[in-house]
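Quick caveat, the model's predicted, so the values are computed rather than measured. Within every chain, numbering begins at 1; the chains are lettered A, B, ... in the order of the sequence lines, protein sequences first and strands thereafter.
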Number of protein chains: 2
Amino acid sequence: MPDRAPVAAPVPAGDPAAAFARHDHARCAATAREVTARACAERGLRLTEIRARVLAILCESHAALGAYDVLDRLREDGRKAQPPVAYRALDFLVVNGFAHRIERLNAYIACGHPGDDHAPAFMICRSCRRVAECAAPAAAAALSPQAAAMGFEIERVVVEAEGVCPDCRASARETGGETGA
Amino acid sequence: MPDRAPVAAPVPAGDPAAAFARHDHARCAATAREVTARACAERGLRLTEIRARVLAILCESHAALGAYDVLDRLREDGRKAQPPVAYRALDFLVVNGFAHRIERLNAYIACGHPGDDHAPAFMICRSCRRVAECAAPAAAAALSPQAAAMGFEIERVVVEAEGVCPDCRASARETGGETGA
DNA sequence: AAGTGCAATGTTACAGGGTAACGTCATGCC
DNA sequence: GGCATGACGTTACCCTGTAACATTGCACTT
Ligand SMILES: [Zn+2]
Ligand SMILES: [Zn+2]
Ligand SMILES: [Zn+2]
Ligand SMILES: [Zn+2]
């Protein structure tokens, strides 16, 4: 499902709420690609053609894409790509903080703050698969005391909220039915 | 990897830290099964033979088991079970709050507070796959303001911390090497 | 220029996780 | 008996992910 009209911009493109609100998505996507390219240049990382293409595919919308969705898109370009091609590019983007894996969906999204070192939390719409990336250091921090108490060393925290986005709630209300697609 | 010696009980069996500490696991497992059985009786849920068996399998250790691990165990009983048999039993347990799915691992554990309505967070050892279930309402609550601000309706929050448990940290130190198995 | 090393990509083949769909069977109710 | 319901049995898939190895291209050495 495509995002809503990417014309007006009542919400700035970097805002977490952008995923579920009207915003200038062309600018949103272009910024993400440019910032990532710059970060790669600064850090000596090679943003190869395939990697850049996969990032562009993820940037096309705020919906999470499965690795095989990405693979299909690569094949539409005329490549005869096999699964490892998609997975390797996705791994590169995730490891370097330019994309995120959504565990709940086994899927991927472009990062909203590429290059920055951040502790993201995600709001996942179970109806349209769009995902908003929020900063929620408090959520992860809440676990530290308990981890320390039991001697557990935390390396990474996954925080994913599943629910229904404003658009899909509105759609459900119109049809009077459930919140499904 | 089996749990450590289930003899002494420096930690009470219901404690979140039990997953990574010496405790009376026989008692720990028996309690989980009994509480679940009682909750089913009270609520008119049918804890059938297969469901009870799957719960017992999950209760055998604090390590997360994949659906196919559970299936293999069912087959060892002499059943000729197919995947849906395991998935249906696991779904029953998860939906009714007697087990949890660990998204990060695509795997399952028995619930530490079966029947109670709770907002669990998990500490997952990436080395031995054991999982501690903690109560961390603060982690989920930290997302509410942002969700409200963007009109997102949260239905469920996944909080999973990945890291290394005390035992595996100790093992790594002994061998001077990395924290792998 | 030839040789060497490394990172990225191409390709095959498979393992692991999950479900739709349909048939069967037992239970309980009218 | 007739019927609805919920659980289980079975088949046949689809989606997700990776090990392993061949190849390419580029940078750096000699
Ligand atoms: Zn956007
Ligand atoms: Zn939505
Ligand atoms: Zn135990
Ligand atoms: Zn461990």
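- Rounded to a whole Å, the CZ atom of A/Arg75 is 12 Å from the C1' atom of C/dT11.
- Atom CG of A/Leu105 and atom P of C/dG17 are 18 Å apart (whole Å).
- Note: CD (B/Glu49) to P (C/dA26) measures 14 Å, nearest angstrom.
- For the pair A/Arg46 CZ and C/dT9 C1', the interatomic distance rounds to 10 Å; values are reported in whole Å.
- A donor-acceptor pair is defined here as one N or O able to donate and one able to accept, closer than 3.5 Å; such a pair exists between the side chain of B/Arg169 and the backbone of A/Gly151.
- Follow the hydrophobic side-chain contacts under 4.5 Å out from B/Val35 and you never reach B/Val94; the two are in separate clusters.
- Between A/Arg79 and B/Tyr108, it is A/Arg79 whose nearest contact on DNA chain C lies nearer the 5' terminus.
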Between the protein and nucleotides 18-22 of chain D, list every N/O to N/O distance that falls short of 3.5 Å.
none

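- In this structure, A/Ile102 places its CD1 atom 18 Å from C1' of D/dC15, rounding to the nearest Å.
- One can place CG of B/Asp69 at 13 Å from C1' of C/dA15, the figure rounded to the nearest angstrom.
- Here the closest non-hydrogen pair linking A/Leu143 and B/Ala121 is CD2-CB, 3.8 Å.
- A salt bridge does not link B/Arg101 to B/Glu160: none of the charged side-chain nitrogens sits closer than 4.0 Å to a carboxylate oxygen.
- Atoms CG (B/Asp72) and C1' (C/dG17) sit 13 Å apart, rounded to a whole Å.
- Under 3.5 Å, the side chains of B/Glu133 and B/His118 contain a donor-acceptor pair of N or O atoms.
- Whole-Å rounding puts the B/Arg104 CZ to C/dG17 P distance at 14 Å.
- Considering only heavy atoms from C-beta on, A/Tyr87 stays 4.5 Å or farther from A/Phe92 through its side chain.
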From CA spacing to verdict: ring-ring contact (aromatic ring centres under 6.0 Å, His included), A/Phe122, A/His100: CA-CA 10 Å; A/Phe122 303 101; A/His100 298 291; 5.2 Å; yes
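- The shortest distance between the side-chain N/O atoms of B/Arg101 and the OP1/OP2 oxygens of C/dG18 is below 4.0 Å.
- Each of B/Lys80 and A/Ala107 has a nearest nucleotide on DNA chain D; the 5'-most of these lies closest to B/Lys80.
- Comparing B/Asn106 and B/Gln82 along DNA chain D, the residue whose closest nucleotide (by nearest heavy atom) sits nearer the 5' end is B/Gln82.
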